[in-house]
Amino acid sequence: MGLQHRDGTGFLSQRSSVDSGGWVLVMMLALIVRFYDISLPYFWTDEAFSALVGVQSPERIWFHLGHDVHPPLYFLILHAWMSVFGEGVVAIRALSALAGVATVALGVWLMRLITTPRVALLAGLFLALLPISVRYSQEARMYTLEGVWLLGATIALVYWIKSARNRYLAGYVVLMTAAVYTHYLAVLCLLSHWLYLVVLRLQRDETLHYLSRPIWWAANVVIVVLYIPWLISLGNEVFLNTEKLKTGGDIFWIPELTIYTLPSAVWKFLTVRNGLEFASPLYVLLPALVLASVAWVGLKARGRLKLELLLVIYVLLPVLIVFMVSFGFPIFVERYMAFAALGLPMIAALAISRIARRTRALAWVSVLLMVGVQLMGLNTIYKQQDDLDDPRNESMYPLDNIVSRINESSVAGDNIIVDGAYWYYSVAYYNRSDIQPRLYQAPWDNSTDNRPNGYGASTLIYQNRDKVFLDNLVSVSPDTKRVWWVTSTRLADDENHFPGNWQCVFAQGVGDMELRLYMTSASAGQTTGGCSTQPPDGHEYALHSIGLKTISPRHLPHP
């Protein structure tokens with residue numbers, strides 16, 4: 001047995017074997033829940049965009065992201081990662097999964113600086129199961145990597161204010177610079193650190209006046225200077241072409257605020273569902289409990305440095321700023337604040353430790369309640385039924401299976417046409433044939449606004465837009481004998497104006513998607529409604545999955 005001591009929570013702590021064993025179990029749990037079924041959801045459009053940007057050279061990545069709405073660091077790291085581990089779904093998503101595991105380790109580290117080892121371990125358990133973290137640990141996007149940088153920067157800040165050693169502030173500069181090069185809203189974490197230092201500056205103890213130290217201001221100037229290269233690139237492209245981004249739907253797509261925005265955000269952080277399916281009392285209860293815990297921990301912050309208050313500000317300030325800004329310019333999307341949600345499990349652990357001083361029974365009930373809510377969220381993730389992004393459900397959108405069918409059955413001279421930009425990059429990612437997929441999008445209101453303009457997601461196809469993009473089907477080469485048509489069943493055929501010499505010989509719906517095969521012939525009659533569900537000419541046309549190979553850059557036009 002290890003040495004026992006009372007840790008202030010009412011629980012007996014045992015250092016040595018108990019703490020180290022618990023640490024190992026928490027990290028194993030974090031790994032398991034993040035890699036479980038990580039390959040199942042199809043690579044939706046944002047992930048496919050990440051992969052197709054990642055195969056570009058670093059120079060081209062900087063160029064394309066300069067025409068998009070994201071900073072470049074995640075994509076540059078992804079480029080290096082893919083060059084080592086490959087370009088399959090699991091390999092690409094593993095970068096995010098491991099970053100998600102790292103946030104658990106960093107969260108425990110931060111809590112060890114704030115509270116006792118036992119409470120830090122409880123926070124690690126909650127972090128390991130945090131649904132929004134698990135969700136984005138299984139997606140090829142930048143949100144968990146952003147959390148790594150920001151938790152690391154927060155730890156560096158705490159070490160600096162505890163020791164005043166400048167090497168920790170140098171680490172802070174590196175980590176915070178990496179964060180803002182990963183996602184723009186990381187700057188809100190920087191503001192939360194400033195607000196915390198303002199609170200310390202208001203104390204009478206002059207040794208806490210870190211805000212008055214020139215080295216702090218110099219560190220922030222260095223962060224700004226290091227960010228200037230990207231600001232110049234961004235300013236030259238995006239800020240001068242806002243209308244082009246707006247036209248392509250890359251900005252201004254976020255819904256306006258409602259009375260449900262904030263409470264539903266809490267539900268999504270902890271369950272990945274908006275909670276609106278529950279009765280009003282239960283719907284309000286979870287956000288109310290979370291708010292009470294945050295307020296309790298913040299107002300009762302103890303100690304000279306009040307580090308619990310730092311956690312509270314880390315969570316609240318970004319969410320509230322994004323909420324207030326969204327009254328004029330909607331940007332309230334939960335994944336943008338996933339880094340702030342990482343503070344909720346830590347605050348929950350602190351609140352439960354205080355409850356334990358009064359009644360251990362209620363503390364255990366609180367632990368079980370927190371774990372139960374999070375397990376409900378994990379179940380939702382594995383069923384692919386979350387409310388965080390557009391649908392990723394494999395059974396409804398089996399684009400990997402659909403494109404696998406094309407890979408196996410296409411022949412030289414075939415065309416692959418994707419009906420709608422939303423599905424295009426997913427098809428391009430899964431395509432292993434030698435055929436360049438083409439994008440069909442009917443004109444909007446008899447204008448040309450539907451055409452790729454080189455900004456937002458269309459940056460990848462702009463250089464070869466005349467070869468890739470179609471706004472009418474008559475322009476398809478008359479030498480084409482067969483056309484593979486990938487569409488959503490929700491899109492109306494009467495908007496597509498199929499040429500009279502196209503004859504649909506096969507169609508199979510899978511979930512909310514449909515794959516068709518058209519034969520083209522100058523002598524064919526007018527297309528009749530509906531397609532056969534039987535394979536033509538006795539060939540096997542059943543959809544089935546095949547193993548993924550590697551992405552070939554030839555499937556994506558390079559400027």
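None of these values were measured; they are calculated from a predicted model.
- Taking the six-membered ring where the residue is Trp, Y159 and W109 present perpendicular rings, their angle passing 60° and hence far from 30°.
- The aromatic rings of W62 and Y181 sit tilted relative to each other, their planes meeting at an angle between 30° and 60°.
- Applying the ring-ring contact (aromatic ring centres under 6.0 Å, His included) test between Y143 and each of Y136, W149, F339 identifies Y136 as the sole match.
- For the pair E47 and R93, the salt-bridge criterion is met [side-chain N within less than 4.0 Å of a carboxylate O].
- Ring pair F323/F327 is perpendicular by interplanar angle, where above 60° counts as perpendicular and below 30° as parallel.
- Checked against salt bridge (Lys or Arg N to Asp or Glu O under 4.0 Å), R135 has the following partners two or more places apart in sequence or in another chain: E139, D386, D389.
- Ring centroid separation for the pair W423 and Y397 comes in under the 6.0 Å cut-off.
- The aromatic rings of F75 and F49 sit perpendicular, their planes meeting at an angle over 60°, well past the 30° parallel limit.
- Annotation: salt bridge (Lys or Arg N to Asp or Glu O under 4.0 Å) contacts involving residues 194-218, sequence neighbours excluded, comprise D205-R304.
- A donor-acceptor contact under 3.5 angstrom links the side chains of S264 and Y283, judged on distance only.
- Ring geometry, Y172 versus H193: the interplanar angle falls from 30° to 60°, so the pair is classed tilted.
- Shown here are the side chain to side chain donor-acceptor pair (under 3.5 Å) partners of W267, two or more places apart in sequence or in another chain: there are none.
- Note that CE of M111 is 6.5 Å distant from CG of L311, once rounded to the nearest 0.5 Å.
- Note: E87 CD to L52 CG = 10.0 Å, rounded to the nearest 0.5 Å.
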